[in-house]
Each structure stands twice: as C-alpha cells, then as structure tokens.
2 protein chains.
Amino acid sequence: MLADLRRPERTFTIRQLCNEFKATPRALRFYEDKGLLTPAREGLNRVYSHKDRVRLQLILRGKRVGLSLSEIRELLDLYDENDDGAAQMARSLKKFRERATALEQQREDIDGALIELREACARLERRLAEIRPDLLPRAADYDQVLRARLDGHGDAAMGK
Amino acid sequence: MLADLRRPERTFTIRQLCNEFKATPRALRFYEDKGLLTPAREGLNRVYSHKDRVRLQLILRGKRVGLSLSEIRELLDLYDENDDGAAQMARSLKKFRERATALEQQREDIDGALIELREACARLERRLAEIRPDLLPRAADYDQVLRARLDGHGDAAMGK
DNA sequence: GTCAACGTTTACGTAAACGTCAACTTGGCC
DNA sequence: GGCCAAGTTGACGTTTACGTAAACGTTGAC
C-alpha cells in the first residue's frame with residue numbers, strides 16, 4: 001500500500017486526495033483556479049500525479065502554519081523555476097521565519113488578553129463570593145488548567 | 001493637558017479621537033454602526049464623551065489582541081451590565097471564562113503551527129547548509145526583526 | 001432503462017473590517 | 001457671497017478561502 005503511494009506513475013482522483021488529506025473537491029479546484037495545482041486531464045476529469053500530491057501536501061502545510069494561498073503560490077512557483085531549488089529553499093526559509101515571528105507576536109497578544117481576562121474573572125469572583133456565593137460557577141477544573149499553563153510552560157501535543 | 005483629558009466633562013470630536021488613537025473617522029462610524037460606540041450629537045455632528053473615549057480605548061485594545069468586533073461588543077456590553085445585580089456578574093464571569101478557554105485554544109493552535117514551522121525551518125537549514133551555505137539567511141537579520149519588535153512595540157497590551 | 005454516485009463548469013453567497021467614492025450640509029473667514 | 005475644511009449619510013468595493021446550489025455529463029449496478 002505504501003509502496004503503491006510512492007510509485008511515481010501512480011495517479012489519484014480528486015476524491016482520493018480529498019479523503020487522504022481531509023479536504024473538499026471544492027478546495028482542490030479552488031487551488032487549481034488560483035494556480036497552485038495543475039493536474040492533468042482525462043477528458044474532463046482531473047488526474048493528479050504523484051507530484052501534484054506532493055504539492056497539495058505543501059499547500060496544506062502552508063495553510064496550517066498560516067500562510068495565505070498567494071504566499072504559498074509564490075513559494076511553489078519558485079520551486080518550479082529552479083531545478084537547483086536552493087534559491088527557493090532560502091526564500092521559503094525566510095518566509096517561514098517571518099511567519100514564526102508573527103505567530104510569536106500573536107501568542108504574546110493572546111497571553112496579554114488572557115492576563116486581563118483572568119484579572120476580570122478574579123474581580124468578579126471576589127465580588128460574587130461576597131454578595132451571592134451561591135451564584136458562583138464552579139471554577140476548580142478551570143483554575144487547574146490555568147495553573148498548569150502558567151507553571152509547566154505547557155508544551156507539545158500538536159493540535160491534531 | 002493630561003488634566004484636561006481626564007476632566008470628565010471634556011468632549012471630543014471624531015477627528016480628535018482619530019488623531020489620538022490613529023484611527024479613521026470611517027472606523028469610528030463603523031464601530032457606532034455596530035453598536036460599539038454611541039456618541040451624543042450636536043446637530044448632526046458626533047460628540048464623544050470621556051466615557052466614549054474609554055470605550056474606544058477598550059475597542060482598540062481588543063482589536064490589537066485579535067478579538068472580532070462582535071466579541072468586543074459582547075465584552076463591552078458585559079462591562080456595562082456588571083454594575084447591576086449579582087446575576088449579571090455571574091453571566092459576565094461565565095462569558096469571560098468562555099472567552100479565556102477560546103483564547104487558550106487559539107494559543108495551542110499557534111503553538112502547533114510554530115512547532116511545524118520550526119521543523120520545516122530546521123530541515124531547510126540543514127539541506128541549505130549542505131548544498132548552498134552561502135544562501136543561508138543569517139540569523140542576524142532575523143534577530144534584528146525581533147529586537148525591533150521588542151523595542152519599538154513595547155506595547156504593554158493589557159496595561160489596565 | 002434508470003437510478004445512484006461520482007465528476008464537471010459557472011456563478012453567486014459569506015463574513016470581517018473597513019476603504020472609497022458620491023452627494024450634501026454646515027461653519028468660519030475674508 | 002464665495003469657498004474651503006470638516007462633518008454627515010448611504011452605498012458599493014475589497015480581500016480570503018472556500019460553501020452552496022444549479023445544471024449537466026459519465027459510468028456501473030441492478
């Protein structure tokens with residue numbers, strides 16, 4: 001089976017790739033419309049080659065890390081231009097690093113928002129405890145999650 | 001001047017607030033359209049009170065953190081309500097906690113993306129080092145970007 | 001022979017957060 | 001009385017990444 005997937009002459013239907021990567025036909029056609037994929041045709045039907053499959057993998061990876069489709073297409077275009085591939089790799093590396101710094105900034109912003117939200121929650125909890133303790137929603141497990149994050153620098157466990 | 005800004009009876013034109021917070025009139029009217037701001041009127045012209053200014057600050061802070069306008073409006077509505085009864089406070093608290101868990105999920109997604117990005121970067125760096133070490137982007141540029149962010153944008157997002 | 005299940009194209013819908021006209025009114029200044 | 005600057009209200013345009021029909025063609029099963 002795996003050997004089958006690797007066989008270069010193997011081709012794929014749109015549905016096969018959709019199933020494999022949990023995408024929709026509409027999405028693949030959209031990527032084609034945007035110039036990110038250019039599958040062959042058998043009559044009207046699209047026929048995806050092994051290379052197309054790799055490109056789709058790259059597209060989805062780019063999406064997972066937050067690149068726009070146009071950014072992804074730029075990278076893929078460079079990949080096509082140079083047989084060398086070194087220039088494209090350098091460009092990709094730069095893009096990836098930029099994206100990483102952007103994501104780190106986003107995470108800092110989120111952390112700031114979480115701090116403020118926790119302060120607000122704490123204020124409300126104190127006042128509620130004074131005035132109407134019976135209305136206080138249970139907070140035990142919630143606080144545990146918070147504390148785990150603050151201490152352990154909660155790591156790994158990729159988001160599926 | 002600062003004393004002037006703090007004087008509760010002080011009012012502001014749309015242009016003044018736009019200049020102060022680097023926003024556009026279109027944006028403020030849009031926020032009003034969405035129910036986030038409700039300035040008074042002097043004839044046709046909008047007149048922003050001290051409270052409106054505070055609300056605008058909260059709006060922009062929420063935006064910097066990546067909240068949508070509708071989410072911001074919910075928070076503002078809750079801020080307004082929570083002076084009242086204990087029931088309102090309990091509802092606010094619940095909303096805040098929901099918001100916090102959503103933000104934590106976002107952060108996990110970002111962490112996952114960062115892991116994948118760093119793996120991709122590492123692969124590219126290794127291959128590039130083998131093939132064309134001269135094309136390897138120096139970490140210096142990257143660090144400069146980081147430093148620029150830390151200095152220039154020392155933006156205690158949630159100062160409160 | 002016909003139904004279901006896939007495939008195709010074309011094309012409009014969506015949501016967010018405004019930008020960008022257009023067409024007007026208002027106030028101040030000279 | 002003429003004009004500019006700044007305000008106002010619509011209303012349509014933009015971008016991203018598809019979803020959602022509509023209307024049609026092809027193939028295999030029964």
Side-chain angles (χ1 to χ4, degrees), chain A residues 11-49 52-53 55-76 95 99 102-103 106 109-110 113, chain B residues 11-49 52-53 55-76 99 102-103 106 109 113:
Chain A
T11 63
F12 308 84
T13 70
I14 195 172
R15 182 60 59 181
Q16 285 171 335
L17 288 187
C18 286
N19 289 340
E20 182 175 358
F21 297 113
K22 300 258 298 172
T24 67
R26 181 71 183 88
L28 298 213
R29 296 190 196 106
F30 184 78
Y31 300 154
E32 184 176 344
D33 224 54
K34 293 293 175 179
L36 281 78
L37 286 175
T38 49
R41 294 302 181 108
E42 217 169 60
L44 281 184
N45 290 15
R46 289 165 175 81
V47 178
Y48 294 88
S49 71
D52 292 322
R53 182 168 166 278
R55 285 177 74 93
L56 178 56
Q57 277 181 312
L58 293 175
I59 292 168
L60 296 178
R61 177 181 300 168
K63 272 179 54 67
R64 280 199 301 275
V65 303
L67 295 180
S68 72
L69 289 187
S70 62
E71 286 173 321
I72 294 171
R73 197 193 52 174
E74 287 176 22
L75 296 181
L76 289 176
K95 254 294 192 245
R99 190 89 265 279
L103 285 177
Q106 280 186 39
D109 291 344
I110 286 179
Chain B
T11 62
F12 308 85
T13 70
I14 195 172
R15 182 60 60 182
Q16 285 170 335
L17 287 187
C18 286
N19 289 340
E20 182 175 358
F21 297 113
K22 299 257 299 172
T24 68
R26 181 71 183 90
L28 296 213
R29 296 189 196 108
F30 184 75
Y31 300 154
E32 184 177 344
D33 224 54
K34 294 292 174 180
L36 281 77
L37 286 174
T38 49
R41 296 301 181 110
E42 215 169 63
L44 281 185
N45 290 16
R46 289 164 174 82
V47 178
Y48 294 87
S49 71
D52 292 322
R53 182 169 165 277
R55 285 178 73 93
L56 179 56
Q57 278 181 312
L58 292 175
I59 292 168
L60 297 177
R61 181 180 297 167
K63 270 178 54 66
R64 283 199 303 272
V65 145
L67 298 181
S68 74
L69 288 189
S70 63
E71 287 170 325
I72 293 170
R73 196 191 51 174
E74 288 179 19
L75 293 181
L76 287 176
R99 188 72 208 120
L103 284 177
Q106 280 186 40
D109 293 345

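Quick note on labels: first sequence line is chain A, next is B, and so on, each numbered from 1. Just so you know, these numbers come straight off a predicted model, no measurement behind them.
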Problem set entry | Spacing between Leu67(B) atom CG and dC18(C) atom C1', to the nearest angstrom | 17 Å

Problem set entry | Pairwise distance CD(Glu74(A)) to CG(Leu76(A)) - rounded to 0.5 angstrom | 10.5 Å

Exercise. Taking atom C1' of dG7(C) as reference, at what distance in whole Å does atom CZ of Phe12(A) sit?
Worked result: 19 Å

For this session: Report which part of the nucleic acid Lys34(B) touches: base, sugar-phosphate, or nothing (heavy-atom distance under 4.0 Å, all strands).
Result: nothing

Exercise. OP1 or OP2 of dC18(C) less than 4.0 angstrom from a side-chain nitrogen or oxygen of Lys63(B), does that happen here?
Worked result: yes

For this session: With heavy atoms under 4.0 Å as the rule, sort Arg15(B) into base, sugar-phosphate or nothing.
Result: sugar-phosphate

Problem set entry | Atom pair distance, as rounded to whole Å: CG in Asp33(B) and C1' in dG10(D) | 10 Å

Exercise. Taking the side chain from Arg64(A) and the backbone from Ala113(B), do they hold a donor-acceptor pair closer than 3.5 Å?
Worked result: no

Exercise. Atom CD1 of Ile14(A) and atom C1' of dT26(D): how far apart are they, to the nearest Å?
Worked result: 16 Å

Exercise. Heavy atoms under 4.0 Å, any strand shown: does Arg46(B) hit a base, just sugar-phosphate, or nothing?
Worked result: sugar-phosphate

Exercise. For Leu44(A) and dT27(D), what is the distance between atoms CG and C1' respectively, to the nearest whole Å?
Worked result: 14 Å

For this session: Measure the CD-OH distance between Glu20(A) and Tyr48(A) for me, rounded to the nearest 0.5 Å.
Result: 13.0 Å

For this session: Take Arg41(B) and Glu32(B) through the salt bridge (charged side-chain N to carboxylate O under 4.0 Å, His left out) test and state the conclusion after the steps.
Result: CA-CA 12 Å; Arg41(B) 296 301 181 110; Glu32(B) 184 177 344; 3.1 Å; yes

Problem set entry | Between dA6(D) (P) and Gln16(B) (CD): distance, integer Å | 12 Å

Exercise. Which listed nucleotide (dC18(D), dT9(D), dG19(C)) is nearest to the side chain of Arg41(B)?
Worked result: dT9(D)

For this session: Taking Arg55(A) for its side chain and Leu36(A) for its backbone only, find out whether a donor-acceptor pair lies under 3.5 Å.
Result: yes

Seminar exercise, completed: Taken to the nearest whole Å, CD/Glu42(A) to C1'/dG7(C) is 12 Å

Exercise. Rounded to the Å, how far apart are Arg26(B) CZ and dT8(D) C1'?
Worked result: 12 Å

Problem set entry | N or O in side chain of Tyr31(A) less than 4.0 angstrom from dC18(D) OP1/OP2 | yes

For this session: Consider the side chain of Thr24(B), meaning its heavy atoms from C-beta on, and name the nucleotide among dC18(D), dT8(C), dG19(C) that approaches it most closely.
Result: dG19(C)

